[in-house]
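Here the structure comes first, spelled out in structure tokens, and everything after it is commentary.
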Protein chains: 2
Amino acid sequence: MFDVNEYFNGKVKSLAFKSANDKATLGVMAAGDYEFGTDTIEHMTLISGEMSVKLPNEDNWRDIAINEMFIVEANTKFQVKTNCDTAYLCLYK
Amino acid sequence: MFDVNEYFNGKVKSLAFKSANDKATLGVMAAGDYEFGTDTIEHMTLISGEMSVKLPNEDNWRDIAINEMFIVEANTKFQVKTNCDTAYLCLYK
């Protein structure tokens, strides 16, 4: 019913579901540095833990606050760093 | 690294992780009526979707808002209803 996705040798796992009319994933990532690719516009929200992101066309890393949402354009790559287990919600637009 | 828990024939799935010093799960549930049991105090937060809960010693169902947290005592049972895919965070205290 809900697919489980696994990336980076299990350091990132997510559950696929529907949030209103959007495809969505709810995920956890272990401490580490990651680069993710997007196919669609993504609305990412930090739920628990901590996260710094470097978005395409931005020069600096940005710390994300709990419940803060940031938007990533489609067909690009973005970088994420965290120092602890971190939970997020991602909506695919 | 992150265990996947599955309940109610896969209608509820969750990922186990650590949130600061707490054990935590990040989960999704499909539309349905559920009864959950607790071993510890649980702090449940609704992340996406909709949820009504009936807590022990309460006579009425209560609708939970997005980002609202409710507390469930240890060693009890509580009931949850939802009409759509719903995402939650649960901290075990």
Side-chain angles (χ1 to χ4, degrees), chain A residues 1-34 36 40-51 63-71 80-93, chain B residues 1-34 36 40-51 63-71 80-93:
Chain A
M1 181 161 292
F2 297 114
D3 288 336
V4 179
N5 305 303
E6 190 172 320
Y7 310 96
F8 300 102
N9 296 316
K11 289 185 73 180
V12 179
K13 278 190 189 177
S14 69
L15 299 166
F17 72 109
K18 289 270 285 184
S19 178
N21 290 319
D22 297 319
K23 288 187 182 181
T25 55
L26 193 64
V28 288
M29 53 181 79
D33 291 12
Y34 306 98
F36 296 100
T40 65
I41 294 170
E42 296 188 4
H43 290 196
M44 290 270 292
T45 303
L46 176 60
I47 294 170
S48 168
E50 54 181 52
M51 185 186 280
D63 289 339
I64 305 299
I66 296 287
N67 288 334
E68 182 179 345
M69 190 267 283
F70 61 94
I71 295 176
V80 173
K81 285 196 284 207
T82 178
N83 293 313
C84 62
D85 282 6
T86 291
Y88 66 89
L89 169 69
C90 185
L91 306 184
Y92 303 91
K93 296 288 184 176
Chain B
M1 178 161 294
F2 298 115
D3 288 336
V4 179
N5 305 304
E6 190 172 320
Y7 310 96
F8 300 102
N9 295 317
K11 289 184 73 179
V12 179
K13 279 190 189 176
S14 70
L15 299 166
F17 72 109
K18 290 270 285 182
S19 177
N21 291 319
D22 298 319
K23 288 188 182 180
T25 54
L26 192 66
V28 288
M29 55 182 78
D33 292 12
Y34 306 99
F36 297 100
T40 66
I41 295 170
E42 296 188 4
H43 289 195
M44 289 270 292
T45 303
L46 176 60
I47 294 171
S48 167
E50 56 180 51
M51 184 186 282
D63 290 339
I64 305 298
I66 295 287
N67 288 335
E68 181 179 346
M69 191 267 283
F70 62 94
I71 296 176
V80 173
K81 286 196 285 205
T82 179
N83 293 314
C84 62
D85 281 7
T86 290
Y88 65 90
L89 169 69
C90 184
L91 306 184
Y92 303 91
K93 294 289 185 176

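Residue numbering restarts at 1 for every chain, and letters A, B, ... go by the order of the sequence lines.
Only the backbone of A/S14 comes within less than 4.5 Å of a heavy atom of chain B; no side-chain atom from C-beta onward does. Of the atoms belonging to B/A30, heavy atoms from both backbone and side chain fall under 4.5 Å from chain A. Both the backbone and the side chain of B/L26 come within less than 4.5 Å of a heavy atom of chain A.
No side-chain donor-acceptor contact under 3.5 Å links B/Y88 and B/T25. For the residue pair A/T82 and A/Y34, no side-chain donor N or O sits within less than 3.5 Å of a side-chain acceptor on the partner.
Top candidate by heavy-atom pairs under 4.5 Å with chain B, chosen from A/L89, A/I47, A/V4, is A/I47.
You'll find the side chain of B/I71 reaches within 4.5 Å of the side chain of B/I41, heavy atoms only.
Side-chain atoms of A/K93 never come within 3.5 Å of backbone atoms of A/T40 as a donor-acceptor pair (strictly under, hydrogens ignored).
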